[in-house]
Student: 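Input: one structure, supplied below.
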Amino acid sequence: MQTLSEADGNAVQEIEAAGAKIAAARAAMGEVIYGQEQVIDQTLVTVLAGGHALLVGVPGLAKTLLVHTMGAVLGLDDKRVQFTPDLMPADILGSEVLEETERGARSFRFLKGPVFCQLLMADEINRASPRTQSALLQAMQEKYVTVAGVRYELPSPFHVLATQNPLEQEGTYPLPEAQLDRFLMQVDVNYPNLEAERRMLLQTTGLEEVKVRPAMTADDLRAAQRLVRRVPVGEKVVTAILELVRSARPEEGASEEVERHVAWGPGPRASQALMLAVRARALIDGRFSPSVEDVKALAAPVLRHRMALNFSARAEGVTVSGVIDRLCRNI
């Protein structure tokens, strides 16, 4: 097992300093977003781990406000793209335009699209066609885009926070599996409780508007992201991650329930995502290393969009979250 002193003698002070800044950011977001503490925490974990998040929920649950607030609190350059059926890849990535000088010389100039930012909000991503959805694949994984054979680097850090309507609603297209796997987490946004909705009702219908309070800078976030990768992980946590992810694959000789109900399970990228996520969760809580409880707490948001149930499971009313919960009890 790797100890903290072996990893980095200065890590304790750095974790404490980073934890204080992250706590301030979490508090600043909570002043604007009511009753969604778990959503805020999971989104922060995603960004600290250097990944992208898919926010799933019905309209009106402050998903758009959450992304805008996070950009302001973390000091990131954020942009928003409304995904619609007629949206084209060039509307996201940018395109080349032909320019002519006064002397008649012609040349192409690349006009950057909204993807060239630090925090991109892909609003209602599943309302666009699969062709347009896939335009984000290279940007999300490689952190650059290629247009007309020329490579253009994206700003650092670069994160995509996409919102999605439930698939049973009209006018939506399912995200392809390769696109889903690029999201480190799927964050389910549910209705707020009574007290949170009461507070929201009173605060948002008065004359004064709550202003977003910046708490971090892009440099602070980059430093925290580097620190996340230095947080030591014990052998028990590594074993728990591997056991959980591998037990969700029907090909790995998993449990009878998985073999009977799961069509396909999570790949190795799920293990990587879970490892980074538990480190980030420990950092948010000011702890020096993650625990098995972190693995169980983040199993659902990391795995549920990387698994699919077969027809038999859906007919029996089995859910992905239910399968993951039962797998967590065995680790």
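Here, residue 1 is the first one in the sequence, and each next residue gets the next number.
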Student: For L120, is there any backbone N or O sitting under 3.5 Å from a side-chain donor or acceptor partner on H159?
Tutor: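 No, H159 side chain to L120 backbone: no donor-acceptor pair under 3.5 Å.
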Student: Quick one: are Q164 and L175 in side-chain contact, heavy atoms under 4.5 Å?
Tutor: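 In short, these two side chains touch, coming nearer than 4.5 Å.
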Student: So for atom CZ, which belongs to R229, do other residues, nucleotides or ligands contribute more than 12 heavy atoms lying within a distance under 6.0 Å?
Tutor: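 Not more than 12 within 6.0 Å, no.
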Student: So Q82 and E124, side-chain hydrogen bond (donor to acceptor under 3.5 Å, both in side chains) or not? Walk me through it.
Tutor: CA-CA 7 Å; Q82 179 65 51; E124 296 186 305; 2.7 Å; yes
Student: Below 4.5 Å, heavy atoms only, C-beta onward: do S312 and E316 meet side chain to side chain?
Tutor: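 S312 vs E316: side chains touch.
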Student: Do the side chains of E16 and F288 get nearer than 4.5 Å, heavy atoms only?
Tutor: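 SC-SC contact between F288 and E16 confirmed.
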Student: Does the pair R230 and E14 meet the rule for a salt bridge (charged side-chain N to carboxylate O under 4.0 Å, His left out), with working shown?
Tutor: CA-CA 11 Å; R230 290 165 47 201; E14 293 182 28; 3.0 Å; yes
Student: Can you tell if the side chain of F116 reaches within under 4.5 Å of the side chain of L93, non-hydrogen atoms only?
Tutor: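 A side-chain contact is absent here, since even the closest heavy-atom pair is not under 4.5 Å.
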Student: Check the side chains of D219 and T217 for a donor-acceptor pair under 3.5 angstrom, ignoring hydrogens and angles.
Tutor: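 Side-chain D/A pair, T217 to D219: absent.
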Student: Any chance the side chains of Q186 and D188 put a donor and an acceptor closer than 3.5 Å?
Tutor: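 Yes, a side-chain donor-acceptor pair sits under 3.5 Å.
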Student: Using atom types as modelled and distance alone, determine if a side-chain donor or acceptor of R127 lies under 3.5 Å from a backbone N or O of P85.
Tutor: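 Absent.
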Student: What distance separates L309 CG from R260 CZ, expressed to the nearest 0.5 Å?
Tutor: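 Answer rounded to 0.5 Å: 12.0 Å.
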Student: For D78 and V67, what are the C-alpha separation, side-chain angles and deciding distance, and is it a side chain to side chain contact (heavy atoms under 4.5 Å, CB included)?
Tutor: CA-CA 9 Å; D78 65 289; V67 179; 5.8 Å; no
Student: Is there side-chain contact between M275 and V238, with heavy atoms separated by less than 4.5 Å?
Tutor: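 Yes, their side chains come closer than 4.5 Å.
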Student: To the closest 0.5 Å, what do you measure between CZ (R213) and CD (E31)?
Tutor: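 Going from CZ on R213 over to CD on E31, the span is 4.0 Å.
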Student: Could you tell me whether the side chain of R306 and the main chain of L184 form a donor-acceptor pair under 3.5 Å?
Tutor: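 Pair found, side chain donor or acceptor close to backbone of L184.
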Student: State, without any angle test, whether T146 and Q138 hold a side-chain donor-acceptor pair at a distance under 3.5 Å.
Tutor: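 T146 vs Q138: donor-acceptor pair found between side chains.
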Student: T132 side chain to L87 main-chain N or O, any donor-acceptor pair under 3.5 Å?
Tutor: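 Yes: the side chain of T132 pairs with the backbone of L87.
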Student: Can L227 and I15 be said to form a side chain to side chain contact (heavy atoms under 4.5 Å, CB included), step by step?
Tutor: CA-CA 7 Å; L227 185 59; I15 288 175; 4.0 Å; yes
Student: Does any non-hydrogen side-chain atom of L276 lie less than 4.5 Å from one of Q272?
Tutor: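 Result no, sub-4.5 Å side-chain heavy-atom pair not found.
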Student: Would you name the heavy atoms of G113 and K79 that are closest together and state the gap between them?
Tutor: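 In terms of heavy atoms, the two residues are closest at O-NZ, 4.5 Å.
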Student: Taking the side chain from Q133 and the backbone from A128, do they hold a donor-acceptor pair closer than 3.5 Å?
Tutor: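 It does hold such a pair.
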Student: Would L242 end up clustered with L274 when hydrophobic side chains under 4.5 Å apart are linked, directly or stepwise?
Tutor: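 Yes, it is one cluster - the side chains of L242 and L274 are joined through contacts under 4.5 Å.
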Student: For V189, does its backbone N or O pair with a side-chain atom of Q36 as donor and acceptor, under 3.5 Å?
Tutor: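 Flag not set: sc Q36 to bb V189 has no pair under 3.5 Å.
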Student: If you take all heavy atoms of L55 and T43, which pair is closest and at what distance?
Tutor: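 Looking at all heavy atoms of both residues, the shortest contact is CD2-OG1, 4.0 Å.
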Student: Would you find a donor on one side and an acceptor on the other, under 3.5 Å apart, between the side chain of R109 and the backbone of V97?
Tutor: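 It does not hold such a pair.
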Student: From R246 CZ over to S271 OG, what is the distance, rounded to the nearest 0.5 angstrom?
Tutor: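 So the gap between those two atoms works out to 8.0 Å.
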Student: With ring-ring contact (aromatic ring centres under 6.0 Å, His included) as the criterion, how do Y152 and F110 come out once you've worked through the C-alpha distance, each side chain's angles and the decisive distance to 0.1 Å?
Tutor: CA-CA 10 Å; Y152 298 93; F110 177 64; 4.1 Å; yes
Student: Salt bridge check, R287 against D294: does any charged N sit closer than 4.0 Å to a carboxylate O?
Tutor: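 Salt bridge present between D294 and R287.
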Student: Is it the case that one hydrophobic cluster holds both M307 and W264, taking links as side-chain heavy atoms less than 4.5 Å apart, direct or via other members?
Tutor: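 Different hydrophobic clusters.
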Student: If Ile, Leu, Val, Met, Phe, Trp and Tyr residues are connected whenever their side-chain heavy atoms lie under 4.5 Å apart, and connections chain through other members, are Y191 and I40 in the same group?
Tutor: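 Yes: a chain of side-chain contacts under 4.5 Å links Y191 to I40.
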Student: Determine, using the 4.5 Å side-chain heavy-atom cutoff (strictly less than), whether M200 and V58 are members of one ILVMFWY cluster.
Tutor: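 M200 clusters together with V58.
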Student: Within a reach of under 6.0 Å around NZ of K21, are more than 12 heavy atoms found that belong to other residues, nucleotides or ligands?
Tutor: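 For K21, atom NZ is not crowded (no more than 12 foreign heavy atoms under 6.0 Å).
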Student: Would you say D41's side chain and Q38's backbone share a donor-acceptor pair under 3.5 angstrom?
Tutor: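 A pair under 3.5 Å: no.
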Student: Between the main-chain N or O of A178 and the side-chain N or O of R182, is there a donor-acceptor pair closer than 3.5 Å?
Tutor: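 Yes, because the side chain of R182 sits within donor-acceptor range (under 3.5 Å) of the backbone of A178.
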Student: Answer yes when R106 and E99 have at least one side-chain N-carboxylate O distance shorter than 4.0 Å, and no when they do not.
Tutor: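 Salt bridge: no.
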Student: To check you understand the geometry: which heavy-atom pair defines the closest contact between H52 and V160, and what is its length?
Tutor: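 Taking H52 first and V160 second, the nearest heavy atoms are ND1-N, 2.9 Å.
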Student: Would you say the side chain of L66 lies within less than 4.5 Å of the side chain of M121, judging by non-hydrogen atoms?
Tutor: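 A side-chain contact under 4.5 Å is absent here.
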Student: About how many Å separate SG of C117 and CG of L76, when rounded to the nearest 0.5 Å?
Tutor: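 Between L76 CG and C117 SG, I get 9.0 Å after rounding to 0.5 Å.
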Student: Taking a hydrophobic cluster as the set of Ile, Leu, Val, Met, Phe, Trp and Tyr residues connected by side-chain heavy atoms closer than 4.5 Å, whether directly or through intermediates, do V145 and V150 fall within one such cluster?
Tutor: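 Same cluster.
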Student: Please report the shortest heavy-atom distance between V233 and P290, naming the atom on each side.
Tutor: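 Taking every non-hydrogen atom into account, CG2-CG, 4.0 Å.
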Student: Could you tell me whether R199 sits above the aromatic face of Y34, with NZ or CZ closer than 6.0 angstrom to the six-membered ring centre and within 45 degrees of the axis?
Tutor: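 Output no; distance or angle outside limits.
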Student: Could you walk me through whether F158 and L119 pass the side chain to side chain contact (heavy atoms under 4.5 Å, CB included) test, one step at a time?
Tutor: CA-CA 6 Å; F158 173 72; L119 186 66; over 6 Å; no
Student: Under the criterion side chain to side chain contact (heavy atoms under 4.5 Å, CB included), I'd like the reasoning laid out for H305 against F183: C-alpha separation, chi angles, the key distance, then a yes or no.
Tutor: CA-CA 9 Å; H305 60 294; F183 289 102; 4.0 Å; yes
Student: Would you give the length of the straight line joining atom CG of L74 to atom CE of M216, rounded to the nearest 0.5 angstrom?
Tutor: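 Answer rounded to 0.5 Å: 6.0 Å.
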Student: Any non-hydrogen side-chain atom of S156 less than 4.5 Å from a side-chain atom of K143?
Tutor: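 A side-chain contact is absent here, since even the closest heavy-atom pair is not under 4.5 Å.
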Student: Identify the heavy atoms of V245 and P266 that sit nearest to each other, and give their distance.
Tutor: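 Residues V245 and P266, closest heavy atoms: O-CG, 3.8 Å.
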Student: If every non-hydrogen atom of V212 is compared with every non-hydrogen atom of A72, which pair is closest and at what distance?
Tutor: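 Nearest pair, atom of V212 first, then A72: CG1-CB, 3.5 Å.
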Student: Treating K63 as the side-chain partner and G57 as the backbone partner, does any N or O pair qualify as donor plus acceptor under 3.5 Å?
Tutor: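 Judged by distance alone, yes, a pair lies under 3.5 Å.
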Student: Rounded to the nearest 0.5 Å, what separation is found between the CZ atom of R279 and the CD1 atom of I284?
Tutor: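 One gets 15.0 Å once the value is rounded to the nearest 0.5 Å.
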